[in-house]
Amino acid sequence: MSEVEEPRTMTMPATIKNVLQRTRPVADLQVQGWVRTRRDSKDFSFIELNDGSSLKNLQVIAKSTLPEYSEVLRLMTGASIRVHGDLVASQGKGQAWELVADRIEVIGQSDDSYPLQKKGHTPEFLREIAHLRPRSNLFGAVFRVRSKLAFAIHRFFQERGFVYVHTPVITGSDCEGAGELFRVSTTTSAKNPQNDDAPAEFFGRPTFLSVSGQLEAEAFACAFSKVYTFGPTFRAENSNTSRHASEFWMIEPEMAFCDLACNMDLAEELVKYLVRRTREECAEDLELFARFVDKELLTRLDFVLARPFHRITYSEAIELLSASAENFSFPVKYGLNLQSEHERWLTEKHFKSPVTIFNYPREIKPFYMRANDDGKTVAAMDLLVPGIGEIVGGSQREERLEVLRQNMRQHQMNEAEYKWYLDLRRYGTVPHSGFGLGFERMLMFVTGVPNIRDVIPFARTPGNAEF
RNA sequence: UCCAGCGUAGCUCAGUGGUAGAGCGGUCGGCUGUUAACCGAUUGGUCGUAGGUUCGAAUCCUACCGCUGGAGCCA
């Protein structure tokens with residue numbers, strides 16, 4: 001097995017992850033990081049050093065003969081140091097390698113008010129110190145996985161010939177009219193609407209933070225055939241749950257010449273791909289989650305990889321729920337939305353796996369979804385996963401100009417504002433489909449972390465925009 | 001927004017009408033190739049905020065604030 005070498009420069013010493021992967025002793029290594037803990041022995045100290053490159057710490061041996069040993073004895077948890085020394089086989093149990101220091105440089109001292117201890121902290125407490133929590137084991141793991149997952153998403157689409165499109169964050173349309181929007185205005189017009197220097201509307205019209213890039217993605221899909229967006233999304237809904245945030249990231253593929261079945265295929269393939277990649281590339285971090293967050297995590301992820309997803313129509317879902325012996329607190333009836341308890345029963349009790357439900361009643365879905373020939377349903381689909389609920393929502397889009405215009409009239413929408421959207425149906429219209437995947441919900445699914453606030457670096461939720 | 005629960009030391013919690021507590025952390029000392037080390041000592045509080053009841057309130061009541069869980073909506 002060959003040794004893993006990283007490119008090294010003066011300013012970028014080896015990462016601790018790399019150092020721990022060495023297969024033989026190395027002289028003259030330099031590492032830098034933050035002190036997790038220090039234990040003093042008779043003639044030397046142990047320092048656990050972490051630089052975020054991996055869950056594991058590097059054990060540093062600081063002998064009392066070091067000129068700077070008095071400084072070492074004052075090192076507090078949280079301090080930053082640079083260490084030069086030799087990597088040798090560890091005499092103790094618990095680690096293969098340790099770094100015997102010949103020079104320790106204290107870069108930034110810490111003090112006893114540093115809130116992170118080496119012992120357990122609740123996620124709720126760590127949330128209050130969002131600027132320091134990435135230095136904890138749990139959140140270090142969460143945000144390493146977040147990075148890997150984001151990259152895996154790009155990889156999935158790029159490997160399949162999708163074009164990455166940046167849809168606008170500031171939008172002029174309130175889209176499907178679903179959900180509350182944040183208004184965008186200048187500070188001057190907000191403070192003083194009468195200020196002559198500032199136009200009442202900077203953009204000459206009301207503007208909002210985007211709740212979805214879908215409509216714009218459709219335009220690009222009708223040029224590039226297969227596109228995807230991946231960026232921040234904003235919802236001003238006053239919802240306070242473990243699954244909602246005011247600012248979150250969403251992935252929205254959009255495909256021309258693709259019907260609902262093709263759409264569902266892609267959604268299921270994507271979810272499986274992301275699970276597989278995380279399983280392969282984040283094994284160490286996932287084991288931490290399996291130990292401390294969700295004991296069933298690895299079993300469930302492997303199950304998702306091994307088994308086909310179930311796929312049923314909305315009508316079939318209603319029949320299954322009606323026939324079940326379960327005592328639901330909300331009614332099960334054709335024409336009503338499925339409640340959380342219904343989704344949970346389907347994924348967690350009945351199928352015990354992800355389920356895609358499709359062909360929903362027209363009345364409970366937005367204007368752009370394609371009408372099916374039965375006259376009652378639209379080509380919509382939701383992918384539900386155990387523990388989270390809806391993770392993907394999508395549809396085949398209505399590509400027939402007259403049907404779309406009729407839908408807009410029924411939804412009392414101003415056709416003039418959507419002229420550009422209707423143009424897509426006037427000039428070379430094609431059947432096309434797409435969906436939205438909630439990035440944080442996917443991250444919750446692969447990590448087992450039950451609160452969305454704990455998979456976002458600095459979460460924005462109603463009443464909370466600190467940091 | 002609705003329902004429920006919780007706010008006591010830096011952290012996790014006990015205390016449910018009568019002197020404010022424990023473990024962990026921090027500090028000091030001891031011991032030790034240690035691993036969430038160990039042993040001894042010590043430090044540490046406007047009991048979320050404001051009112052009220054009472055001889056007396058962390059404890060009972062009211063309002064507010066914050067947090068958590070669930071629901072709705074959604075991703």
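The chains referred to below are lettered A, B, ... by the order of the sequence lines, with proteins before strands, and numbering in each begins at 1.
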With rounding to the closest Å, how many angstrom separate the C1' atoms on B:U1 and B:C60? 30 Å
Please report the distance separating the C1' of B:U19 from the corresponding atom of B:U34, rounded so that it comes out in whole Å. 43 Å
Look at A:Ser239 and B:C74 and indicate whether a side-chain polar atom (N or O) is within less than 4.0 Å of OP1 or OP2. no
Locate the shortest heavy-atom distance separating A:Tyr421 from A:Leu404; write the atom from each residue and the value. CE2-CD2, 3.9 Å
pair_partner(B:C74), Watson-Crick or wobble, both distances < 3.5 Å, evaluates to none
Give me the distance, rounded to whole Å, that separates B:A20 from B:C74 when you measure between the C1' atoms they each carry. 47 Å
I need the A:Ser45 OG to A:Leu73 CG distance, nearest 0.5 Å. 5.0 Å
Without decimals, in angstroms, what is the distance between A:Arg235 CZ and B:G72 C1'? 15 Å
When you compare B:A9 with B:A14, how far apart are their P atoms, in angstrom units rounded to a whole number? 12 Å
Salt bridge check: are A:Arg146 and A:Glu440 linked by an N-O gap of less than 4.0 Å? yes
Who passes ring pair (Phe, Tyr, Trp, His ring centres under 6.0 Å) against A:Phe162, sequence neighbours left out? A:Phe157
Using whole Å, what does the distance between atom P of nucleotide B:C11 and atom CZ of A:Arg133 come to? 17 Å
Between A:Phe230 and A:Phe439, ring centroids under 6.0 Å: yes
Which whole-number value in Å describes the distance from A:Met381 CE to B:A75 P? 11 Å
Between B:G66 and B:C61, how far apart are the P atoms? Round to whole Å, please. 22 Å
Round to the nearest Å and state the distance from A:Ile456 atom CD1 to B:A75 atom P. 16 Å
Pairs of donor and acceptor atoms involving the side chains of residues 77-93 of chain A, under 3.5 Å and at least two apart or interchain, shall be tabulated with distances.
| from | atom 1 | to | atom 2 | distance (Å) |
| --- | --- | --- | --- | --- |
| A:Thr77 | OG1 | A:Arg36 | O | 3.4 |
| A:Ser80 | OG | A:Gly108 | N | 2.9 |
| A:Ser80 | OG | A:Gly108 | O | 3.4 |
| A:Arg82 | NE | A:Gln32 | OE1 | 2.8 |
| A:Arg82 | NH1 | A:Glu105 | OE1 | 3.2 |
| A:Arg82 | NH1 | A:Glu105 | OE2 | 3.4 |
| A:Arg82 | NH2 | A:Gln32 | OE1 | 3.4 |
| A:His84 | ND1 | A:Asp102 | OD1 | 2.9 |
| A:Asp86 | OD1 | A:Asp28 | N | 3.0 |
| A:Ser90 | OG | A:Gly92 | N | 3.2 |
| A:Ser90 | OG | A:Gln95 | NE2 | 3.0 |
| A:Ser90 | OG | A:Glu98 | OE1 | 2.9 |

Can you measure A:Asn337 atom CG to B:G72 atom C1' for me and round it to whole angstrom units? 11 Å
Side chain of A:His244, base of B:C74: donor and acceptor closer than 3.5 Å? yes
Could you tell me which residues satisfy disulfide (SG to SG under 2.5 Å) with A:Cys222, sequence neighbours excluded, listed by chain and number? none
Can a cation-pi geometry be assigned to A:Lys63 and A:Phe44, taking NZ or CZ under 6.0 Å from the six-membered ring centre and within 45° of the ring axis? no
Can you tell me if A:Gln339 touches the phosphate of B:G72, counting only side-chain N or O atoms and a distance under 4.0 Å to OP1 or OP2? yes
Looking for any heavy atom pair under 4.0 Å, which part of the strands does A:Ile251 touch: base, sugar-phosphate only, or nothing? nothing
Presence of salt bridge, A:Arg135 and A:Asp51, under 4.0 angstrom: no
Taking the six-membered ring for Trp and the full ring for Phe, Tyr or His, determine whether the centres of A:Phe458 and A:His131 are under 6.0 Å apart. no
Distance, C1' atom - from B:C47 to B:G17, rounded to whole angstrom: 15 Å
Between A:Ser395 and A:Tyr360, does any side-chain donor sit less than 3.5 Å from a side-chain acceptor? no
Nearest 0.5 angstrom please: A:Arg155 CZ to A:Lys148 NZ, how far? 9.5 Å
Whole-Å distance separating the CZ atom of A:Phe330 from the C1' atom of B:A71: 6 Å
Taking the same atom, C1', in B:G26 and in B:C11, what whole-Å distance lies between them? 12 Å
Protein-nucleic acid N or O pairs under 3.5 Å, nucleotides 41-47 of chain B:
none

Protein-to-nucleotide contact annotation, 5' to 3' order, nucleotides 25-39 of chain B [B base; S sugar-phosphate only; - none; under 4.0 Å, heavy atom]: SSS----BBBBBS--
For the ring pair A:Phe156 and A:His154, is the centre-to-centre distance below 6.0 Å? no
Can you measure A:Tyr360 atom OH to B:C73 atom P for me and round it to whole angstrom units? 12 Å
Applying the 3.5 Å cut-off to both distances, the Watson-Crick or G-U partner of B:C60 turns out to be B:G52
Rounded to the Å, how far apart are A:Met250 CE and B:C74 C1'? 10 Å
Considering only the C1' atoms, how many Å lie between B:G18 and B:U59, rounded to the nearest integer? 11 Å
What does the list of N/O pairs under 3.5 Å between the protein and nucleotides 67-70 of chain B look like, with a distance for each?
| from | atom 1 | to | atom 2 | distance (Å) |
| --- | --- | --- | --- | --- |
| B:U68 | OP1 | A:Arg127 | NH1 | 2.2 |
| B:G69 | OP1 | A:Asn451 | ND2 | 2.8 |
| B:G69 | OP2 | A:Asn451 | ND2 | 3.3 |
| B:G70 | OP2 | A:Ser242 | OG | 3.3 |

